[in-house]
Structures are given as structure tokens and as C-alpha cells.
2 protein chains.
Amino acid sequence: MARHSILDTLNDSLRKDTLAGISTMRFPPGQVLFSAGEHCRGLPLVLGGSIKVQMTGLSGHSIVLYRMGSDDICTLSIGCLMTGRGYRAEAIVEEETEAAIIPRGLFDRLMDQSAEFRLGIMESYGRRLDDLMLLVEEVAFHRMDERLEEWLQARAAQGQRTLTITHQELATELGTAREVISRLLKELERRGQVGLARGKIELTGLKKRSATA
Amino acid sequence: MARHSILDTLNDSLRKDTLAGISTMRFPPGQVLFSAGEHCRGLPLVLGGSIKVQMTGLSGHSIVLYRMGSDDICTLSIGCLMTGRGYRAEAIVEEETEAAIIPRGLFDRLMDQSAEFRLGIMESYGRRLDDLMLLVEEVAFHRMDERLEEWLQARAAQGQRTLTITHQELATELGTAREVISRLLKELERRGQVGLARGKIELTGLKKRSATA
DNA sequence: GACTGTTCAGTGATAAAGTCACACAGAACC
DNA sequence: GGTTCTGTGTGACTTTATCACTGAACAGTC
């Protein structure tokens, strides 16, 4: 049964029709939800799990743009839906994900008949735009060592003690080269802040960086 | 009289009301349309001219995110309008600009009553998202010398022979440091591709870069 | 004209990050 | 066991960023 906050805003009649018109699906880790160039068949609502959205540029390098999780809307799909152009990025399931797809016709009807639905869509768009603007600034101006430590700290803050991730994947997260990550991690290991093993990073003593402005 | 393609999509009655509800304004070069933190009072439609949107990060550095020109919609404003949060970026008029502001109430009514208006808004959003994704990739992975030459070539392609711009402004365009631009421009001058003077860059012999993959 | 303050540009030194090339270790498969 | 593949470590080098400073070009004042 689909649980998504944007559905809660609908009136009874619309909600009933919507629930009847969508089907929820489960996707296992590693599954590619869509890839660059593909066309979009409907608007996915993420009910739970975690999906990363990344793009590969002309240079052949990849970078993770943002993640979608519980209660998110796949903003990228809206653009594809409206303009008819293919996706520019690809979406890869990280943790087992449940999602509902709103087909085009139903989406149009919801946009037409529910101001609350429209508001939800626009808010989602606004947040995504904000995220991307912040990412641009981060990529352009922040130091790699800081970005890496912040990324690891965010994971530590979620309670994760041991990460299963390769240096290459981490490089894609931050939009840099694998060697850069390897060297920075080695340095953190020397300082006793992480433990390294093949495909694993153990978060031991990450400390807040002091005054590195 | 406001000329904007999104108004053409409206039916006679809505268009009449819309034209009555908006007022067009002119802004001179250098004028700041909005700056970071400010709140948004309506949706600007750009009728003509050129506006650059740039943000300043925690690092204190600035980067130009995109430009708005004739027939554009200020997508950033929609997010602010819907979420009530302040702008994250600032908009600066480059060439004398004419714009019409659609007030909040009218915007809501148009979203409610015109599927074509909604489509226009969503398309505009999709394009902006695409632009930003491409920018992320460019900033993360492309070489500065190539980006600079491409930027100059784009101006040359518009027919501009002499640019009035400082090295610092150009650095903000590309999200780098002024010194980097100075050095790269000097190199281009040595190769006879540009002429340099205080506050001016003359585009003489820019040639396509050959196989710099 | 000379004097002053401001903005813009040039450049050396150094540090950080990206690129290239390759060695080697651990895991997986026969 | 051996072979293959993937992931990691590292040296050498290039590009970009940062810091510190110099001097040139311009505007305003006397």
C-alpha cells in the first residue's frame, strides 16, 4: 500500500483514483531505474529505500548529483515527461527501494485538479534546484580533503561504522579521481581516523576539522 | 506591452486578465534584481535583455550558474514562491532588461486554470535542471583552458569582437581564481588568439581546439 | 601639470588536485 | 595449484588554486 505524503494531500476522491491507478514496485540494490537517454513513462514516487542519481559527462567521468529516499519525488522525471527529452542522468538503487509510478495521464489530471499536488511538485523541484546549486559551489570551491571528511562524517552521523564502498565509487560520489581518494584515505589512516581494507572503510576516529577556512 | 510565449498559450479570457494583472518594468545594466536571502513577491517573465544568476558560497567565492534572456521564466523564483524560503543566488542585469512580474495570486490561478501554462513552467524547470547538471559536470571535470576558450568562442559566435569584462568577472563566470584567468589569457595572447587591454578582451584568432580529449 | 587613491593585471613561489603509468594484493574461478 | 579480475598504492608530472606582492591604468583633486 503506497504511503507518500503527497498522496495525503489529495481529497478522498482523487486519492482513491490515484491509488487505483498506480502500482508499487520493489527494486533490489544495484538495479538501474533509468539510464541516460531513456525516455520516461511516468512520475516515480519513492516510498522507501535509497537511490543515487549520477551522470557521466563527455569526459567519461561520473559524479553523483543527489540521492532520493523515502517520500521523495523523482523531479528529473518530470522534466523528461514534459519536454519529451531523454534522461540526462542515471538512477541506481542503493538500498532496496519501493516506488510507485504515476502514469502520464494521471499525473496531468492531478496537476489539473489538485493545488496541493501542484505545490508538492513545485516544492520538490525547488529543493532539487537548491541542491544542485549547492553542489556546483561545493565542486567548484571546496577542498577535496574537507569534502571527503564531511562525506564520511555524514555517514558516521547516520550510525554507520563500516562502509562497504570502493575508492572508485567514492571518487564518483565526490567527482574526482580514484587516486586522489586513495591518497586522502591513506592520510586519514595514518592519522588513525579510518581503517582501510579492500572494499571497506572503517570509521574510527573522525574528528571535526578545526578552522580550515 | 508584454510579449512572452507563455502568454500566447493562454485562452483569450485568461490572457486578458493576465495582461491586466501584470506590469512590465525596465531594469538598467548593473541592477540587482534579487539577492541571496531575499524573498520573492512574484514570478518574473523575462521579455528581453540579459540577466546573470550567480551564487556566492560559504567559501566566499562566486560562480555564474546560468543566464536568463528573452522569453525565459525565472525558475528560481518559483521555488522561493512555493517554499517561502529566500533566494539562494542573486540576479544581476547585464543588458537592459524588460520583465513582467506575475503576482502570487495570479500565478496560482494560471497554474490552476491553464494546462498549457503548467506545461510551460515545468518545461522551464526541466531545462534549468539540465543546465545545472551540465554545469556540475563541466566544473568537476573539464580543463580550465578549454572552458575559457569555449566561453570566449561562444561570445565570438554571437558576433562580439571586443568584450568588456575584467579578469575577475571572467573568473566568476567559470568559477575559478582571477590569477588562473590572467595566466590563461596571457597564454592565448602569446599565441595571437586574443588581444588584451585593461578591462577588455579582443577576440582575434580563436581557433577550434584540436583533439584535446 | 603633479599627487593620491583605486581598480585591474602580471607573476613568482608553493600547495593541492588531476593525470598517467605501472606494481602488487586480494578475491574469484578454474 | 594457477589464472584472471578488481581494487589499491605510489612515483612522476601537469594543471589548478592560493598567497603575496608589484606595477600599470584610470579617476579625481589640487
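Quick caveat: nothing in here was measured; it's all calculated off a predicted structure. Chain letters run A, B, ... following the sequence lines, proteins first, then strands; residues in each count from 1.
The interatomic distance linking B:Leu185 (CG) with D:dT16 (P) rounds to 13 Å, in whole Å. Here D:dT6 presents its P atom at 17 Å from CD of A:Glu179, a figure rounded to the nearest Å. What separates CD1 of B:Ile181 from C1' of C:dC8 is a distance of 14 Å, to the nearest Å. The interatomic distance linking B:Arg147 (CZ) with D:dA17 (C1') rounds to 14 Å, in whole Å. The interatomic distance linking A:Lys186 (NZ) with D:dT8 (C1') rounds to 8 Å, in whole Å.
With respect to A:Arg3 and A:Asp8, a salt bridge is recorded, a charged nitrogen being found less than 4.0 Å from a carboxylate O.
Legend: residues meeting side chain to side chain donor-acceptor pair (under 3.5 Å) with B:Arg88, ordered by chain and number and at least two apart, are A:Asp130. Partners of B:Ser35 by side chain to side chain donor-acceptor pair (under 3.5 Å), not counting sequence neighbours, listed by chain and number: B:Glu38. The ring pair (Phe, Tyr, Trp, His ring centres under 6.0 Å) check on A:His61 picks up B:Phe141, with sequence neighbours excluded. Residues satisfying the ring pair (Phe, Tyr, Trp, His ring centres under 6.0 Å) criterion with A:His4, sequence neighbours excluded, are absent altogether. With sequence neighbours excluded, the residues forming a side chain to side chain donor-acceptor pair (under 3.5 Å) with B:Arg26 are B:Glu96, listed by chain and number. The side-chain contact (heavy atoms from CB on, under 4.5 Å) test applied to B:Arg190 returns B:Lys186, B:Glu187, not counting sequence neighbours. With sequence neighbours excluded, no residue forms a salt bridge (charged side-chain N to carboxylate O under 4.0 Å, His left out) with A:Glu123. Contacts of A:Thr75 classified as side chain to side chain donor-acceptor pair (under 3.5 Å), with partners at least two apart in sequence or in another chain: A:Ser124.
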All N/O donor-acceptor pairs, side-chain side in residues 42-50 of chain B, below 3.5 Å, sequence neighbours left out:
| residue | atom | partner | partner atom | Å |
| --- | --- | --- | --- | --- |
| B:Ser50 | OG | B:Glu94 | OE1 | 3.2 |

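Residues from residues 164-173 of chain B that place a heavy atom under 4.0 Å from any atom of DNA chain C, listed by number: B:Thr166, B:His167.
In this structure, B:Arg147 fails the cation-pi test against B:Trp151, since its NZ or CZ atom is not both closer than 6.0 Å to the six-membered ring centre and inside 45 degrees of the ring normal.
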(message) I need a per-nucleotide contact map over nucleotides 22-30 of chain C, read 5' to 3'. Cutoff is protein heavy atoms under 4.0 Å; write B for the base, S for backbone only, - otherwise.
(response) ---BBS---
(message) Using a 4.0 Å heavy-atom cut-off to protein, can you give one letter per nucleotide of nucleotides 13-18 of chain C, 5' to 3': B if the base is in contact, S if only the sugar-phosphate is, - if neither?
(response) B--SSB
